[in-house]
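A note on names: the letters A, B, ... follow the listed sequences, proteins ahead of strands, and every chain is numbered from 1. Here the structure is a predicted model, which is why all the values come from computation and not from measurement.
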Amino acid sequence: MDIQQKYSPKVSEPKWLAFWEKERIYAFDSDSDKEVYSVDTPPPTVSGKMHIGHAFSFSQQDFIVRYQRMRGKNVFYPFGTDDNGLATIRLIEKLKNMKGVDMGRKEFVRLCLDTLKEITPDFVQDWKSIGISSDFSIYYSTIDGHCQRISQKSFIDLYKQGRIYRKRAPFIWCPECQTAIAQVEMRDKEQESQFVYMEFDTTIGERIPIATTRPELLPACVAVHVHPDDKRYKRFIGAKAKIPFSKREVEIVANKDADMEFGSGVVYHCTYGDMNDVEWIERFKIEPIEILNKNGTLNEKAGQFAGLHVKKARKAVIEALKNEGRIQKIEPIKHAVNVHERCDTDIEILTTDQWFIRYLDLKDEFLKQGKKMNWFPEHMRVRYDNWILGLKWDWNISRQRHFGVPIPAWYCKKCHEIHLPEESELPVDPMEESPRKQCKCGSKEFIGEKDTLDTWATSSLTPQLAIELMKGTKACKKLFPMSLRPQAHDIITFWLFNTVVKSCLHEKSVPWHNIMISGFALDPHGKKMSKSKGNVVSPQEMIAKYGADALRFWAAGSKLGDDLPFMEKDLVTGQKFITKLWNASNFAFINLKDYKNEKPEKLEAMDLWVLSKLSGIIKDSTETFEKYEYAKTKMEVENFFWHTFADNYLEIVKDRIYNPGRRGKGAREAAQWTLYGVLLSIVKMMAPITPYITEEVYQSYFKKYENEKSVHISSWPSFDMENERIGAIGDIFVSVLNDVRKAKSEKKVSMKVPVKRLLVKAKMAKEEFGSIKDDLKAVTWSEEVVFEQVQESSEISVETVVNL
RNA sequence: GGGCCUGUAGUCUAGCGGCUAUGACAUUUCCUUGACGUGGAAAAGGUCGCAGGUUCGAAUCCUGCCAGGCCCACCA
């Protein structure tokens with residue numbers, strides 16, 4: 001193997017990436033009896049390129065996975081892409097410059113699948129480049145036949161369990177995407193709006209003032225609510241209000257939900273301005289009047305305003321009210337409106353036919369499941385709990401979209417009976433195929449369901465999607481519940497919660513034993529990155545400039561769950577570490593040409609010292625890695641490598657290595673053996689964080705003495721040579737060395753300038769001092785070293801007198 | 001309005017009851033030492049957000065406040 005003079009990530013990273021793939025270093029062994037470590041890898045959405053947030057959180061999960069692999073586990077780390085959602089539709093529409101709704105369903109799905117085939121390999125390449133140690137041959141796409149089958153099977157199973165029902169009900173609707181959406185897909189948006197105070201006539205002769213931001217819903221007003229204790233309006237209760245521009249009269253009722261402080265204190269109940277209105281319809285048993293079309297325009301029930309879009313209707317209604325002298329005042333108001341998180345459109349409430357999973361009765365069960373899993377960091381569980389406690393509606397799993405996993409159902413044309421396919425028929429597209437059996441009523445004619453499943457209905461099955469790929473193998477049964485779910489904190493309420501729901505319903509079990517939640521990558525000022533702010537950092541550019549190891553090194557700088565500002569200088573720090581590790585290894589092996597891989601009879605005190613320190617680092621690193629505290633591991637190993645090993649130990653042993661004749665027999669061999677062992681341990685402990693440079697060092701130097709063909713499947717270091725007394729003696733040594741360096745620095749002379757007489761006063765035995773004297777003399781360039789034993793309270797009290 | 005997290009040197013951060021409060025980047029000075037100048041040695045830099053309390057002892061625990069972030073609710 002050629003050994004590079006200078007380490008270049010540009011050369012080495014593609015080389016080792018190709019090596020790992022060719023040698024299948026990260027392959028899952030499906031026939032093995034070894035303990036399995038299974039990972040429910042987050043499938044990224046195919047929507048362009050990997051972003052820095054991906055690089056951040058995927059690196060963090062990869063640290064843990066690589067550590068577990070080195071601990072000897074049979075690692076199951078599949079890779080998937082999530083591409084049945086709106087994000088994928090948007091991307092394809094953009095790439096192909098067309099609109100999905102203008103195209104036939106079959107045609108559009110075909111186009112999506114073809115386009116995905118083209119773009120997915122490039123997309124996945126980014127994950128490979130950053131060094132994610134997945135077994136990429138275990139791959140799924142959430143729109144492929146395999147996933148469609150499992151997703152549809154889940155639907156059928158839950159239907160049979162009585163958990164799935166279809167209902168015509170008012171639900172959150174996006175008029176832009178023209179589909180129902182879920183509670184979790186809504187987002188708050190601050191908007192400037194007008195707070196309109198309007199007056200309705202009543203049957204008691206007086207007018208009642210109503211404040212609203214949605215005057216256009218006036219034709220849908222079904223009641224007027226006032227607080228029962230509101231003195232201003234008590235007399236109206238039981239009377240009727242006359243709806244302007246119509247002959248309708250509605251009840252004025254008492255409702256404690258009406259906030260006396262807000263607006264005029266009078267609520268006009270429209271169907272539907274928000275989900276509160278839905279609740280009130282049920283509570284007061286009122287017939288709704290629906291005036292909205294699916295595209296956000298008003299229908300014929302809106303009378304003179306029919307045909308207008310909501311925004312235009314608002315102006316028209318205000319104008320008309322003004323003309324009738326019914327406007328008291330209009331206040332500008334800034335308030336939060338619910339919008340669809342994908343397109344920023346104000347959501348509406350529309351009554352449509354939808355499929356739901358009934359699960360509100362299982363809230364306690366979900367909370368219980370949450371407690372059965374280990375959360376890292378622990379406090380992330382609270383977000384999960386809060387979300388469950390705040391759930392109000394069943395899970396709507398149907399979407400009115402072309403592209404997605406079809407809902408496997410037909411309706412009998414004659415009797416409307418619902419028919420589901422057999423498991424063996426899956427995956428099925430009910431728009432293209434028909435049921436095999438005729439209906440109970442004798443009819444053979446069916447209408448296929450044209451709705452598709454919510455993307456989360458499929459991605460909540462990622463453990464099953466991945467594990468089913470291993471069907472029939474020996475290790476398959478050992479994969480569930482999975483060992484680890486890694487993800488970021490933004491989708492605890494989506495992906496994580498939904499997966500727990502499915503697992504609970506299907507498997508009666510938690511889906512994973514451990515959950516690790518990553519934070520976000522922020523811009524240098526601690527702000528969220530977004531395309532609109534223009535503060536987005538491209539991981540591809542950073543990798544090209546500094547290498548993947550440097551980027552991973554940065555990602556290892558933040559505690560799990562913490563957000564981390566991205567600063568390019570941190571990559572420079574990583575780059576320096578990588579160079580330093582390369583140079584130190586280079587130096588070590590220049591002097592290990594005649595290395596014999598056997599433990600020498602006698603080690604010098606300073607060898608024992610560095611080994612003792614190393615033992616402590618190994619112990620700590622292992623403990624911290626077990627607790628997902630890779631940032632601590634990285635920090636400790638880095639510190640040890642740089643300061644204890646490179647700055648001190650290497651300097652100390654140079655004399656023994658260069659001038660073996662001047663020193664006792666075996667002194668050089670002791671240094672060599674120690675150098676080798678310590679460096680190998682450092683390389684191994686850093687391997688999960690910086691996989692490329694450690695592989696380069698391992699392959700260039702260690703490979704000829706070690707058995708494993710890659711450092712990444714070598715065993716995690718474990719040995720214990722911790723020795724308190726040796727540690728203390730070595731610390732005295734380093735303390736003296738620092739004093740000498742300080743003295744030379746103050747005199748502004750080179751470290752190489754000889755010290756005429758070095759006097760060390762310390763609390764240690766004469767023999768102990770004898771064991772470090774030669775090394776000390778050499779590294780400080782002293783001509784004479786004198787020791788004076790003192791009795792002081794502190795064990796490592798040192799006084800150094802340097803005569804230059 | 002509720003919940004959770006975070007406030008440590010110019011910047012990012014470690015420490016989360018007891019050593020002189022850690023390290024990196026930036027700053028200053030020195031060292032062309034035979035792995036590395038992408039290096040090494042040293043210096044300066046801090047009311048540990050603010051105010052109380054608990055304790056022999058608080059950056060660390062408790063209470064309140066202030067600031068920032070995230071999630072949720074309200075938004076007629």
Distance below 4.0 Å between N276(A) side-chain N/O and rC75(B) OP1 or OP2:
yes
So does S745(A) reach the base of rA42(B) with its side chain, donor to acceptor, closer than 3.5 Å?
no
Within the supplied structure, the quantity of interest is the number of heavy atoms (other residues, nucleotides, ligands) at a distance under 6.0 Å from E724(A) CD; does it exceed 12?
no
Proximity to the side chain of W781(A) - top-ranked nucleotide from rC36(B), rG69(B), rG34(B):
rG34(B)
Whether K576(A) contacts rC25(B) is assessed here as follows: a side-chain N or O lying under 4.0 Å from the phosphate OP1 or OP2. Is that the case?
yes
Is K392(A) near enough to rC74(B) that one of its side-chain N or O atoms lies under 4.0 angstrom from OP1 or OP2?
yes
N648(A) vs N591(A), nearer the 5' end of RNA chain B by closest nucleotide
N591(A)
Which value, in whole Å, describes the distance between the C1' atoms of nucleotides rC48(B) and rG23(B)?
16 Å
Taking OP1 and OP2 of rG40(B), is either one under 4.0 Å from a side-chain nitrogen or oxygen of K580(A)?
yes
Is any side-chain nitrogen or oxygen of H489(A) closer than 4.0 Å to OP1 or OP2 of rU6(B)?
no
List the residues meeting ring-ring contact (aromatic ring centres under 6.0 Å, His included) with Y272(A), not counting sequence neighbours, and say none if there are none.
none
Please classify the nucleic acid contact of H227(A) as base, sugar-phosphate, or nothing, using heavy-atom distances under 4.0 Å.
nothing
Would you indicate, yes or no, if rC30(B) has its OP1 or OP2 atom less than 4.0 angstrom from a side-chain nitrogen or oxygen of K742(A)?
no
Taking the minimum atom-to-atom distance to the side chain of P565(A), which one of rC25(B), rC70(B), rC12(B) wins?
rC12(B)
Between rA59(B) and rG17(B), how far apart are the two C1' atoms, rounded to whole Å?
11 Å
Provide the distance between the two P atoms, one in rA67(B) and one in rG53(B), to the nearest whole Å.
24 Å
So if I take residues 547-558 of chain A and measure heavy-atom distances to RNA chain B, which residues fall below 4.0 Å?
none
Under 3.5 Å, is there a donor-acceptor pair between the T213(A) and S193(A) side chains?
no
With respect to the phosphate group of rC36(B), does any side-chain polar atom (N or O) of K6(A) fall under 4.0 Å of OP1 or OP2?
no
Inter-nucleotide C1' distance (rU28(B), rC16(B)), Å rounded:
34 Å
In terms of relative ring orientation, are Y649(A) and F645(A) parallel, tilted or perpendicular, with 30° and 60° separating the classes?
parallel
Starting the side chain at C-beta, find the nucleotide from rU33(B), rC75(B), rA24(B) nearest to K752(A).
rU33(B)
Ranking rU33(B), rA41(B), rG68(B) by distance to the side chain of S750(A), first place goes to rU33(B)
Sticking with atom C1', work out how far rG57(B) lies from rG45(B), rounded to a whole angstrom.
27 Å
Would you mind telling me which of rC71(B), rC12(B), rG40(B) lies closest to the side-chain atoms of K528(A)?
rC71(B)
Using the side-chain heavy atoms of F262(A), tell me which of these nucleotides is nearest: rC30(B), rC25(B), rC75(B).
rC75(B)
Given rC12(B), rC4(B), rG34(B), the nucleotide with the shortest approach to the side chain of M567(A):
rC12(B)
For a quick check of understanding: with a heavy-atom distance under 4.0 Å over all strands, which category does A631(A) fall into, base, sugar-phosphate or nothing?
nothing
For the residue pair D549(A) / Q575(A), report whether a side-chain donor-acceptor contact shorter than 3.5 Å exists.
no
Please determine if a side-chain N or O atom of N386(A) lies less than 4.0 Å away from the OP1 or OP2 oxygen of rG2(B).
no
Which nucleotide sits closest to the side chain of K559(A): rC30(B), rG15(B), rG34(B)?
rG15(B)
